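It should be emphasised that the depicted structure is a prediction, and the values quoted were computed from it without experimental measurement.
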Amino acid sequence: MPERLRRIAWGPLALLLVSAIAVATVIVGNLRGPGITVRYADAGPLSDYEVSSVVFLPEEGIYVVGLADGRLRAVDGEVESSRCAVRHLPDDERGRERNPLGVAGVFEDPCTGALWAVTGDALDEGPEPLRTRFVWITTTEDGVQHVFVEVADVASR
């Protein structure tokens, strides 16, 4: 090896190269963005919702539930841990104690058998509550109050 190459300090040069690659990775990652877009899905007129009603939004996989105090809760129809879509069983008595106005009905994970009240609260020990989404009520251009549900779309990379 020529004398000139032996005198080069390879450690700092390698550190500089690794640092440049790390900085470039961060810059490219920030330019691409997180790949998540948030939108609000129109869940229909507020007049469609009553206390203890459960309305399914099939395009979004979300259930909107009328709570006992008059508020609405949007419950994610997919179980985070199993990635299975819940089934709404409106006549199942096991959720009556925890549901608004004491009505029957549960959500069931067909993959694990776990149960939730229609509010998304777990009925058994173990499973986490179902995820909930932000609900926004506003008056649209036609003068009717509409329910909107926040939906996050994750782009696959």
Side-chain angles (χ1 to χ4, degrees), residues 18-157:
V18 169
S19 298
I21 290 171
V23 168
T25 302
V26 169
I27 290 171
V28 169
N30 284 333
L31 291 176
R32 289 180 61 187
I36 298 172
T37 56
V38 176
R39 61 186 170 80
Y40 290 90
D42 188 343
L46 180 59
S47 59
D48 288 353
Y49 296 89
E50 298 175 6
V51 173
S52 75
S53 66
V54 178
V55 176
F56 183 54
L57 307 176
E59 308 84 33
E60 312 303 340
I62 294 173
Y63 293 86
V64 181
V65 180
L67 300 177
D69 61 6
R71 293 178 300 134
L72 297 175
R73 177 175 286 171
V75 177
D76 198 331
E78 181 181 85
V79 181
E80 190 171 13
S81 60
S82 71
R83 295 287 182 222
C84 288
V86 297
R87 291 188 299 215
H88 178 229
L89 306 173
D91 298 323
D92 194 309
E93 293 291 326
R94 295 175 286 183
R96 187 176 291 278
E97 287 183 25
R98 302 277 297 274
N99 288 341
L101 300 182
V103 298
V106 296
F107 292 123
E108 179 185 52
D109 181 348
C111 297
T112 65
L115 294 172
W116 293 268
V118 295
T119 58
D121 299 317
L123 294 178
D124 303 326
E125 293 278 332
E128 294 287 322
L130 293 173
R131 291 176 297 205
T132 58
R133 306 294 180 107
F134 180 72
V135 176
W136 176 47
I137 300 170
T138 190
T139 304
T140 55
E141 292 176 2
D142 58 2
V144 176
Q145 284 191 309
H146 271 246
V147 176
F148 290 87
V149 177
E150 182 180 63
V151 179
D153 296 318
V154 180
S156 59
R157 294 184 177 217

Do Pro100 and Thr119 touch side chain to side chain, with heavy atoms closer than 4.5 Å?
yes

Evaluate the criterion side chain to side chain contact (heavy atoms under 4.5 Å, CB included) for residue pair Glu60 and Arg39; output intermediate values, then yes/no.
CA-CA 11 Å; Glu60 312 303 340; Arg39 61 186 170 80; 2.8 Å; yes

A side-chain contact here means heavy atoms from C-beta on lying under 4.5 Å apart; do Val79 and Leu130 qualify?
yes

Can you measure from NE2 (His146) to CD1 (Ile137) and round to the nearest 0.5 angstrom?
11.5 Å

Any side-chain heavy-atom pair of His88 and Tyr63 under 4.5 Å
yes

So CG of Leu72 and CZ of Arg133: to nearest 0.5 Å the spacing works out to 16.0 Å

As a quick check of understanding, evaluate side chain to side chain contact (heavy atoms under 4.5 Å, CB included) for Tyr49 and Val55, giving each step before the final call.
CA-CA 8 Å; Tyr49 296 89; Val55 176; 3.6 Å; yes

Would you say Asp48's side chain and Gly44's backbone share a donor-acceptor pair under 3.5 angstrom?
no

Are the side chains of Thr138 and Gln145 in contact, using a 4.5 Å heavy-atom criterion?
no

Under 30°, 30 to 60°, or over 60°: which ring-plane class applies to Tyr40 and Phe134, parallel, tilted or perpendicular?
perpendicular

Before giving the answer on side chain to side chain contact (heavy atoms under 4.5 Å, CB included), spell out for Trp136 and Val149 the whole-Å C-alpha distance, their side-chain angles and the decisive distance to 0.1 Å.
CA-CA 6 Å; Trp136 176 47; Val149 177; over 6 Å; no

Report, as yes or no, whether the 6.0 Å neighbourhood of atom CD on Glu93 holds more than 12 heavy atoms from other residues, nucleotides or ligands.
yes

Heavy atoms of Val86 and Pro110 approach each other most closely as CA-CD, 4.3 Å

Just do the side chain to side chain contact (heavy atoms under 4.5 Å, CB included) check on Val135 and Arg73 with the steps written out, would you?
CA-CA 7 Å; Val135 176; Arg73 177 175 286 171; 5.8 Å; no

Taking atom CZ of Arg131 as the centre, does the number of heavy atoms from other residues, nucleotides or ligands within less than 6.0 Å exceed 12?
yes

Can you give me the closest heavy-atom contact between Val65 and Val118, atom names plus distance?
CG2-O, 3.1 Å

Between CG on residue Asp121 and CD on residue Glu128, distance to nearest 0.5 Å:
11.5 Å

To the nearest 0.5 Å, how far apart are CG in Asp42 and OG1 in Thr140?
7.5 Å

What is the distance from atom CD of Glu108 to atom CG of Leu123, rounded to the nearest 0.5 Å?
11.0 Å

